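Fair warning: this is a prediction, and the values are worked out from it, not measured in the lab.
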Amino acid sequence: MKLPIEQVDLSIRDQLDADSLISFYLNRDTYLEGRPKPSIQPEIGLDTDALAMNGVVIVYDVGEPYQFTSPKAWLWRFPVTFTVLSIDADLLFRTCARLNRNIAMWRWLDGCEYGKIGGIPTNNGFRHDPLGEITNSKVINVMHADKVIQAASPR
């Protein structure tokens, strides 16, 4: 049950569940036509290399959400790093290009029970990464991008 002040003061809300919000949007997106949907993971796992050898893996790492404006405490920003892995360099680039496009579209899509993305204040493109830091295989190509997402927590 909500206290009377919670019905009047819009700033009284639970913290944004940024991990679930990003997972929701990534799983809702469409990717390359005629290709299987990439495997989406919240962290590098034991099966990441094997999955990347047979397709594309998108790994996302969500930083801590922070409230960047005082009067609108329901608005949050949080950093996200997207890492994309594949043995096929062309497929990797095309997937990153499509993922970058999808992320740019998120602010125009409907929200969900975890919140609504309202903007991408920092929308850096994808760049190649050195292989040794992420994967054990020397044949897997890696690209990643750091972005800052702005979202509203659900009411």
To the nearest 0.5 Å, tell me how far [X] [atom1] sits from [Y] [atom2].
X: Gln67; Y: Arg77; atom1: CD; atom2: CZ; result: 12.5 Å
X: Tyr25; Y: Leu109; atom1: OH; atom2: CG; result: 6.0 Å
X: Phe78; Y: Tyr66; atom1: CZ; atom2: OH; result: 10.0 Å
X: Cys96; Y: Phe82; atom1: SG; atom2: CZ; result: 11.0 Å
X: His128; Y: Leu92; atom1: NE2; atom2: CG; result: 6.5 Å
X: Ile40; Y: Asn27; atom1: CD1; atom2: CG; result: 4.5 Å

Kindly give the heavy-atom pair with the smallest separation between [X] and [Y], and that separation in Å.
X: Ala145; Y: Gly125; answer: CB-O, 3.4 Å
X: Pro65; Y: Gln15; answer: CG-NE2, 3.7 Å
X: Leu16; Y: Ala152; answer: CD1-O, 3.8 Å

Go through the steps to decide whether His144 and Asn124 satisfy the test side chain to side chain contact (heavy atoms under 4.5 Å, CB included), and finish with yes or no. CA-CA 10 Å; His144 93 259; Asn124 297 325; over 6 Å; no
Result of checking Val57, Ile140, Thr83 against Thr48 for side-chain contact (heavy atoms from CB on, under 4.5 Å):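 Result: among Val57, Ile140, Thr83, Val57 is the only option passing the side-chain contact (heavy atoms from CB on, under 4.5 Å) with Thr48.
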Pick one: which of Ile103, Val80, Val148 meets side-chain contact (heavy atoms from CB on, under 4.5 Å) with Ile120?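 With Ile120 as partner, side-chain contact (heavy atoms from CB on, under 4.5 Å) holds for just one option, Ile103.
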Decide whether Asp19 and Ser23 meet the rule of one side-chain donor and one side-chain acceptor closer than 3.5 Å.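 Distance-only check fails for Asp19 and Ser23.
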Is the closest side-chain donor-acceptor distance between Ser86 and Asn141 under 3.5 Å?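 Looking only at side-chain atoms, Asn141 and Ser86 do not form any donor-acceptor pair under 3.5 Å.
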Using a 4.5 Å cut-off on heavy atoms from C-beta on, say whether the side chain of [Y] contacts that of [X].
X: Leu51; Y: Gln41; value: yes
X: Tyr31; Y: Val56; value: no
X: Thr30; Y: Arg98; value: yes
X: Asp88; Y: Arg94; value: no
X: Asp146; Y: Pro79; value: no
X: Ile149; Y: Val62; value: no

Examine Phe68 and Trp74 and state if one hydrophobic cluster contains both, with Ile, Leu, Val, Met, Phe, Trp and Tyr joined whenever side-chain heavy atoms are less than 4.5 Å apart.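 Per the 4.5 Å side-chain linkage, Phe68 and Trp74 are co-clustered.
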Same apolar cluster: Val139 and Ile44, side chain cutoff 4.5 Å: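 Both belong to a single hydrophobic cluster.
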From CA spacing to verdict: side chain to side chain contact (heavy atoms under 4.5 Å, CB included), Leu99, Leu26: CA-CA 9 Å; Leu99 177 58; Leu26 284 172; 3.7 Å; yes
Counting only heavy atoms not in Glu64 (residues, nucleotides, ligands), do more than 12 fall under 6.0 Å from its CD?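 It does not: Glu64 CD has 12 such atoms or fewer within range.
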So, applying side chain to side chain donor-acceptor pair (under 3.5 Å) with Lys147, which one of Asn123, Thr122, Thr81 is it?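 Of Asn123, Thr122, Thr81, side chain to side chain donor-acceptor pair (under 3.5 Å) with Lys147 is met by Asn123 alone.
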